[in-house]
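One-based numbering along the sequence shown.
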Amino acid sequence: MDAINAIVLSPQYHELLSLVKGFRNGAVYGTKIRFPHALVMTLLFRTGSVQDKLAAILKATKAHARGLAFFVTIYKTLMLLQRRISAEGKNSDLHTFVAGFVGGWVVFGEKTSVNQQIVLYLFSRIAMGIINTAMKAADFEAPPKSFALFAAVCWGIVMVLFRKDKSVLQDSLKNSMTYLYEDSNHWTSLKTLLWHNR
């Protein structure tokens, strides 16, 4: 065991082992994030046998964990390669973008429900990051109640989109909104009014 620990802790293998650890962390994080989400969404919205529901939960969890594991590995590998061929021997913002771009294309480029949720989540965080970067650069403080205005505009727009043509919304959002705003208009008994949706 000491010989294995010597290899694991050797600076000679650090770069290679960071790829292994990155893959591992991507798989673990993807599982931690997706499993509870898939479990709740499946129990709330999916019909079918327990076996079908379990298969759907495991499929979504595997897709998320696999995606993050492979993205981290591709990203870190490309960063390492670019650093090695760089005249300065270090990474630049362009290297970071190229590694992220290639990883995003390869891993998340197929439009699946899991990939779409991940990319939409990422897009919202990017938008907030760009706004915060601009405000920081301009030394601008957000006015009071600006978040309330932002929230109100978002909710106003999504409600209009849902009422006009819900097919333009992402499936999980559309399903959630249907459950909240349309299914609540229908019941056949006290049981379906208060206990079961249908």
Query raised in the report: Are more than 12 heavy atoms from other residues, nucleotides or ligands located less than 6.0 Å from atom NZ of Lys174?
Result: yes
Query - Greater than 12 external heavy atoms within 6.0 Å of Asp139's CG - result: no
State, to 0.1 Å, how close [X] and [Y] come at their nearest heavy-atom pair, and which atoms those are.
X      : Y      : result
Val72  : Phe23  : CG1-N, 4.3 Å
Gly103 : Ile74  : CA-CG2, 3.8 Å
Leu19  : Lys76  : CD2-CB, 3.4 Å
Ser113 : Gln170 : O-NE2, 4.2 Å
Thr61  : Ile57  : OG1-O, 2.8 Å
Ser184 : Trp187 : O-CZ3, 3.4 Å

Report task. Apply side chain to side chain contact (heavy atoms under 4.5 Å, CB included) to the pair Leu17 and Lys21, showing each step before the final yes or no. Result -> CA-CA 6 Å; Leu17 292 175; Lys21 180 91 186 249; over 6 Å; no
Solution key, residues 119-136 side-chain donor-acceptor pairs under 3.5 Å, sequence neighbours excluded:
residue: Ser124; atom: OG; partner: Tyr121; partner atom: O; Å: 2.7
residue: Asn132; atom: ND2; partner: Met128; partner atom: O; Å: 3.2
residue: Thr133; atom: OG1; partner: Gly129; partner atom: O; Å: 2.7

Query raised in the report: So Phe147 and Phe150, would you call those rings parallel, tilted or perpendicular, with 30° and 60° as cut-offs?
Result: tilted
Query - Pairs satisfying salt bridge (charged side-chain N to carboxylate O under 4.0 Å, His left out), at least one member in residues 83-92, at least two apart - result: Glu15-Arg83, Glu15-Arg84
Working to the nearest 0.5 angstrom, can you tell me the gap between [X] [atom1] and [Y] [atom2]?
X     : Y     : atom1 : atom2 : value
Leu68 : Thr73 : CG    : OG1   : 10.5 Å
Ser10 : Leu16 : OG    : CG    : 11.0 Å
Ser86 : Leu81 : OG    : CG    : 12.5 Å

Query raised in the report: Between the side chain of His186 and the main-chain N/O of Asp183, is any donor-acceptor distance below 3.5 Å?
Result: no
**Report entry** Sequence neighbours excluded - side-chain hydrogen bond (donor to acceptor under 3.5 Å, both in side chains) pairs with any residue from residues 47-57
**Finding:** Ser49-Asp52
Query - Residue pairs, two or more places apart or on separate chains, that pass side-chain hydrogen bond (donor to acceptor under 3.5 Å, both in side chains) and touch residues 149-168 - result: Asp165-Ser167, Lys166-Glu182
For residues 34-45, which side-chain N or O atoms pair as donor and acceptor with protein atoms under 3.5 Å away, sequence neighbours left out?
residue: Arg34; atom: NE; partner: His64; partner atom: ND1; Å: 2.9
residue: Arg34; atom: NH1; partner: His37; partner atom: ND1; Å: 3.2
residue: Arg34; atom: NH1; partner: Gln117; partner atom: OE1; Å: 2.6
residue: Arg34; atom: NH2; partner: His64; partner atom: ND1; Å: 3.2
residue: Arg34; atom: NH2; partner: Gln117; partner atom: OE1; Å: 3.1
residue: Thr42; atom: OG1; partner: Ala38; partner atom: O; Å: 2.6

Query - For Tyr75, all residues meeting side chain to side chain contact (heavy atoms under 4.5 Å, CB included), sequence neighbours excluded - result: Phe71, Met79, Thr96, Ala99
Query raised in the report: Given side chains that start at C-beta, do those of Gln116 and Asp171 come closer than 4.5 Å, heavy atoms only?
Result: no
Query raised in the report: Under a single-linkage definition using a 4.5 Å side-chain heavy-atom cutoff for Ile, Leu, Val, Met, Phe, Trp and Tyr, are Leu78 and Phe70 assigned to the same hydrophobic cluster?
Result: yes
Report task. Check the hydrophobic clustering (I, L, V, M, F, W, Y; side-chain heavy atoms under 4.5 Å; chains of links allowed) and say if Phe108 and Tyr29 are grouped together. Result -> yes
**Report entry** Thr178, Ile157, Leu180, Val168 screened by side chain to side chain contact (heavy atoms under 4.5 Å, CB included) with Phe162, the one that passes
**Finding:** Thr178
